[in-house]
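Inspection log for the structure reproduced underneath, given as structure tokens.
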Amino acid sequence: MKILVTRPEIDQQQTIRALEQRGFVAIGSAVMDIVPLPFELPNEPWQGLVITSRNALRMLAPADLSTLVDVCLFCVGERTAVLARELGFAKVALVAANVAELEQQLLTALAPTDGPLLYLAGRIRTGALDRTLLQQGFAVCLREVYDMVARDALSDAALAAIEAEALDGILLYSERSCQILLSLIEQAGLSDKIKNVIFYCLSPRVALPLQGLSYPLVVAEAPNERSLLACLENGHN
């Protein structure tokens with residue numbers, strides 16, 4: 001099977017290796033680039049650091065890390081937790097499967113009177129975590145530390161595979177990446193070439209742009225890459 005990987009380049013090779021180890025042919029074509037944004041961190045006695053994507057951790061300079069590694073970390077995704085530990089964070093207190101789960105865990109485990117929360121995030125993000133916490137009485141300092149910028153075309157290898165109708169599946173990790181992918185394929189005039197391609201989506205939310213379309217669709221049982229790749233291995237179609 002020939003599989004298209006749409007992740008940003010910083011994560012793409014990891015997924016390509018995982019696919020090749022499982023006997024798949026992988027083609028990389030990122031649909032977004034991670035762009036750092038300028039930011040400053042206030043000097044506060046933080047109750048906790050909230051991270052909903054490991055991209056936010058990647059934006060921290062050594063000087064920033066030195067002031068935060070002893071703060072309790074609350075994050076989404078096991079891979080985010082792994083990177084945090086590699087960067088020296090000693091107190092990874094909560095690891096949620098998604099933003100909604102993290103929100104509930106924070107509201108259950110923390111109290112507004114215990115101090116402010118620092119939330120590092122992308123410019124475009126799902127949910128309204130900061131607003132919910134503010135409504136519940138928490139002091140929240142939101143810093144947008146990166147942006148996800150859409151690319152204007154797929155890679156030559158991806159376009160060639162689609163044109164030849166040689167693509168078997170596409171891995172999708174976010175609702176926005178799904179939207180961008182569909183737009184780039186339409187822009188290239190190749191929408192009719194993917195009618196038999198299976199879209200493998202990390203979660204039901206990721207699959208929302210595919211609603212009403214006739215493309216084959218598989219949604220992972222859990223919102224992590226292990227479950228997504230299991231769909232391929234188990235022959236879901």
Side-chain angles (χ1 to χ4, degrees), residues 4-18 26-42 46 49-69 71 73-84 86-89 96 98-99 102 117-131 140-159 170-188 201-203 205-206 208-209 223-225 228:
L4 179 63
V5 181
T6 60
R7 306 190 79 180
E9 288 186 356
I10 194 169
D11 295 316
Q12 194 177 101
Q13 288 306 312
Q14 175 181 290
T15 300
I16 287 174
R17 285 195 300 271
I27 299 174
S29 185
V31 297
M32 291 187 287
D33 290 311
I34 303 167
V35 179
L37 297 177
F39 66 94
E40 293 183 0
L41 297 181
W46 305 113
L49 172 62
V50 179
I51 300 287
T52 51
S53 168
R54 59 180 172 170
N55 290 328
L57 289 176
R58 290 168 171 153
M59 301 300 110
L60 292 173
D64 298 324
L65 283 169
S66 67
T67 65
L68 294 175
V69 289
V71 176
L73 180 71
F74 309 100
C75 68
V76 171
E78 186 55 45
R79 285 186 174 176
T80 304
V82 169
L83 177 58
E86 291 174 350
L87 292 172
F89 284 88
N98 51 52
V99 175
L102 180 63
L117 295 169
L118 176 62
Y119 179 19
L120 304 182
R123 188 182 67 83
I124 297 174
R125 51 195 176 275
T126 59
L129 178 58
D130 54 314
R131 293 197 297 274
V140 180
C141 176
L142 170 66
R143 287 292 183 268
E144 294 177 347
V145 298
Y146 69 95
D147 196 5
M148 299 296 294
V149 179
R151 290 198 172 184
D152 58 11
L154 296 173
S155 68
D156 290 343
L159 290 172
I170 301 172
L171 298 184
L172 291 163
Y173 293 79
S174 74
E175 181 182 359
R176 186 163 175 244
S177 66
C178 185
Q179 292 170 335
I180 294 169
L181 175 75
L182 292 172
S183 176
L184 293 177
I185 291 173
E186 181 180 8
Q187 173 184 303
C201 298
L202 192 70
S203 71
R205 186 181 185 92
V206 173
L208 287 177
N224 58 62
E225 188 172 68
L228 189 62

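Count residues from 1 along the sequence.
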>> On a heavy-atom basis, which atom in S29 and which in A158 lie closest, and how many Å separate them?
In response: CB-CB, 3.7 Å

> Between Y146 and R58, is any pair of side-chain heavy atoms under 4.5 Å apart?
Replying inline: no

> According to the salt bridge (charged side-chain N to carboxylate O under 4.0 Å, His left out) rule, which pairs have a member within residues 176-187, sequence neighbours left out?
Replying inline: none

> Would a distance-only check, ignoring hydrogens and angles, find a side-chain to backbone donor-acceptor pair under 3.5 Å from S177 to M32?
Replying inline: no

> Roughly how far apart are I34 CD1 and S53 OG, rounded to 0.5 Å?
Replying inline: 7.0 Å

> Under 4.5 Å between any side-chain heavy atoms of L172 and T6, yes or no?
Replying inline: yes

> Which atoms form the tightest heavy-atom contact between I180 and A150, and what is the distance?
Replying inline: CD1-CB, 3.5 Å

>> Is a donor from one side chain sitting under 3.5 angstrom from an acceptor on the other, for E225 and T15?
In response: yes

>> Quick check: closest heavy atoms across A153 and L184, and the distance to 0.1 Å?
In response: N-CD2, 3.7 Å

>> Let me confirm one number: the OH-SG distance from Y173 to C201, rounded to the nearest 0.5 Å.
In response: 11.0 Å

> OG of S203 to CG of L228: how many Å apart, nearest 0.5 Å?
Replying inline: 10.0 Å

>> Could you measure the distance from the OH atom of Y119 to the CD1 atom of I51? Nearest 0.5 Å is fine.
In response: 9.0 Å

> Under the salt bridge (charged side-chain N to carboxylate O under 4.0 Å, His left out) rule, what pairs show up with a residue in residues 141-153, not counting sequence neighbours?
Replying inline: E9-R151, D33-R151, R123-D147, R125-E144

>> Within this structure, what is the CD1-CD1 distance for the pair I170 and I27, rounded to the nearest 0.5 Å?
In response: 10.0 Å

> For L154 and L181, what are the C-alpha separation, side-chain angles and deciding distance, and is it a side chain to side chain contact (heavy atoms under 4.5 Å, CB included)?
Replying inline: CA-CA 8 Å; L154 296 173; L181 175 75; 3.9 Å; yes

> Got a salt bridge between E86 and R54, using NZ or NE/NH1/NH2 to carboxylate O under 4.0 Å?
Replying inline: no

> Is there a side-chain contact between R79 and D11, using heavy atoms and a 4.5 Å cut-off?
Replying inline: no

> What are the two closest non-hydrogen atoms of V5 and A26, and how far apart are they?
Replying inline: CG2-CB, 4.4 Å

>> How close do V71 and T67 get, counting heavy atoms only, and between which atoms?
In response: CG2-O, 4.2 Å

>> To the nearest 0.5 Å, what is the distance between OG on S174 and CG on L202?
In response: 9.0 Å

> Given side chains that start at C-beta, do those of M59 and D64 come closer than 4.5 Å, heavy atoms only?
Replying inline: no

> Side-chain contact, heavy-atom cut-off 4.5 Å: L57 with L65?
Replying inline: no

> Nearest heavy-atom pair of C141 and P42: which atoms, and what distance?
Replying inline: SG-CG, 3.9 Å

> Pick from L60, T52, V50: which one makes a side chain to side chain contact (heavy atoms under 4.5 Å, CB included) with L120?
Replying inline: L60

> Okay, side chain of S183, backbone of Q179: is any donor-acceptor separation there less than 3.5 Å?
Replying inline: no

> Under the side chain to side chain contact (heavy atoms under 4.5 Å, CB included) criterion, do L83 and F89 qualify, and how do the steps go?
Replying inline: CA-CA 9 Å; L83 177 58; F89 284 88; over 6 Å; no

